[in-house]
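These numbers were taken from a predicted model, which means no experiment stands behind them. In the text below, chain A, chain B and the rest are named by the order of the sequence lines, each starting its count at 1.
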There are 2 protein chains.
Amino acid sequence: MEEKGYLRHIAFDSVVFGFSGERLKILITKYHNTGLFALPGGFVNRNENLNDAVRRGLKERTGLDNIYLEQFYTFGDVARYKPEIMQTILESNEHDLTEFTWMLDRFISVAYYALINYNDVVPTPDALSDSCDWYDIDKLPVLMLDHAEIVAKALQTLRDNLERKLVGMNLLPPFFTMNDLQKVYEAILGEKLHRGTFQRKILSLGILQRHEKQFSGKAHKAPFLYSFGE
Amino acid sequence: MEEKGYLRHIAFDSVVFGFSGERLKILITKYHNTGLFALPGGFVNRNENLNDAVRRGLKERTGLDNIYLEQFYTFGDVARYKPEIMQTILESNEHDLTEFTWMLDRFISVAYYALINYNDVVPTPDALSDSCDWYDIDKLPVLMLDHAEIVAKALQTLRDNLERKLVGMNLLPPFFTMNDLQKVYEAILGEKLHRGTFQRKILSLGILQRHEKQFSGKAHKAPFLYSFGE
DNA sequence: TTATTATTGTCTCAATTTGCGACAATAAGT
DNA sequence: ACTTATTGTCGCAAATTGAGACAATAATAA
């Protein structure tokens, strides 16, 4: 069989979406001294479910358990294989290269997207990275390898799933206004929605619980608060 | 680096859908002397794109190029790892086991579904299999490992995509009647559709070309033939 | 020739959903 | 009290969907 450690040739990358109140953002890490930006990712232990590996990776970066996760595509082109890049990263970290030669090999990457409540998270870099930060979905830095393509496909999948799966629950705090929820939908779809139609549609789903009003201190009628739950 | 050959730990499985005129079917292979039924699958060469590997595998089983292919999920649970089963298969084939020990290792499997014209295909078994045949989607034999789950997810994805992607094109011959197309939809969805509504919907898409009528020799009005194309 | 049968293409009508504007209601500031 | 900005809801037209109805027609039977 094989020594302990990670499965060869298999990696995962995660596109972590958060919503700041107006804009959709994702987590991006930056490698030490290289100027290379990448999606947070990782490897799978020999005795670990793939899905669990991804949860473990996200826990390290966000501190969160029980994250909403969706696997959306597996990227397996040979063109992904650029050992020079990984070599640069490893050298910049002054690691003993011989211990990490397996990282210079070809990898197939299973990609997931996650939806989390932006305010719950303090992004944490991993050993190879010197930063892990939120970036506006339309102001991303240039990402290494095919990570821009991965982000694009994540966003596309999220949009396609928007009507079938409940999304706001994971991107918003427990209590929110109808306008908050609409802003989430608009940020994901990238277009304005009609207020009346949106409210009617969402309420007709019968999945929102209405609570007391929220007095914003502004000079206008106060909105109801809602939460998810039967 | 590593010797030539396949990437370790990575496999693919394909759910090949065909339509016989009334029912939806998929290709299932049976391993020599074991009674084990499985989806046709394979491995990825070191210098080969994942998608190309799947096309290569399908070409071997169906003889077809340019197959409609859709990747839908990657299965990575540890519970998939059952070396006894693969051992049984290898022993039944009287292969030199030492040459194939890598097949006894844990695999993560990327699953694809394919849509092909049933009549174009003569299913061909591979080296380890003694048969490769069409099975009715609701009369499948007991499949090994998690292959039943893979089929279920393939069918679910196909249903979800039915409205967004053009499906009939790949499951029907070049010319077909509106009724043929409706039967495809009904087989996939597993429910009857209303004739008038279906015809109106499909025609409104504006993707069908109408041709001369088809005289069936039956005692009733002859239907138009259609083909896909602007 | 004429009726019969099964199936097709199309239409109509009601029911439902959607897009969009309008209205009164209301917190807070003036 | 009056103004302002925003909210919850309603109304109405347009579009879509579900289901049946009807004439047209290819082959067969009388």
Write down the distance between [atom1] ([X]) and [atom2] ([N]), rounded to a whole number of angstrom.
X: A:L208; N: D:dG8; atom1: CG; atom2: P; answer: 12 Å
X: A:L203; N: D:dT9; atom1: CG; atom2: P; answer: 7 Å
X: A:R195; N: D:dC10; atom1: CZ; atom2: P; answer: 13 Å
X: B:Q199; N: D:dT17; atom1: CD; atom2: P; answer: 16 Å
X: A:K218; N: D:dT3; atom1: NZ; atom2: P; answer: 22 Å
X: A:H194; N: D:dA14; atom1: NE2; atom2: C1'; answer: 14 Å

A:E163 atom CD, over 12 foreign heavy atoms within 6.0 Å
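Result for CD/A:E163: open.
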Closest-nucleotide ordering on DNA chain C, the 5'-leading residue of B:N179 and B:R200
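With B:R200 and B:N179 compared, the 5'-side residue is B:N179.
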With DNA chain C as reference, determine whether A:K213 or B:P223 sits nearer its 5' end, using the nearest nucleotide of each.
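Nearest nucleotide further toward 5': that of B:P223.
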Segment of DNA chain C, first to last nucleotide, that comes within the 4.0 Å heavy-atom reach of chain A:
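The contact span of chain A on DNA chain C goes from C:dT18 to C:dA28.
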By nearest heavy atom, map B:H220 and A:G196 onto DNA chain D; which one lands nearer the 5' end?
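Result: A:G196.
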Both A:R210 and A:A219 contact DNA chain D. Which one's nearest nucleotide lies toward the 5' end?
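Final value for this comparison: A:A219.
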Aromatic ring proximity [X]/[Y], centre distance under 6.0 Å:
X: B:F43; Y: B:F107; value: yes
X: B:F19; Y: B:F176; value: no
X: B:F198; Y: B:Y185; value: yes

Set of residues satisfying salt bridge (charged side-chain N to carboxylate O under 4.0 Å, His left out) with respect to A:K59, sequence neighbours excluded
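With sequence neighbours excluded, A:K59 shows a salt bridge (charged side-chain N to carboxylate O under 4.0 Å, His left out) to A:D65, given in chain and number order.
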Does the side chain of A:D13 reach to within under 4.5 Å of the side chain of A:H147, using non-hydrogen atoms?
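The answer is yes; the side chains approach within 4.5 Å.
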Between B:K201 and D:dT17, does any side-chain N or O lie under 4.0 Å from OP1 or OP2?
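Affirmative; the distance criterion is met.
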Side chain to side chain contact (heavy atoms under 4.5 Å, CB included) involving B:K30 - partner list, sequence neighbours excluded:
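So B:K30 forms a side chain to side chain contact (heavy atoms under 4.5 Å, CB included) with B:F37, B:D130, B:S131.
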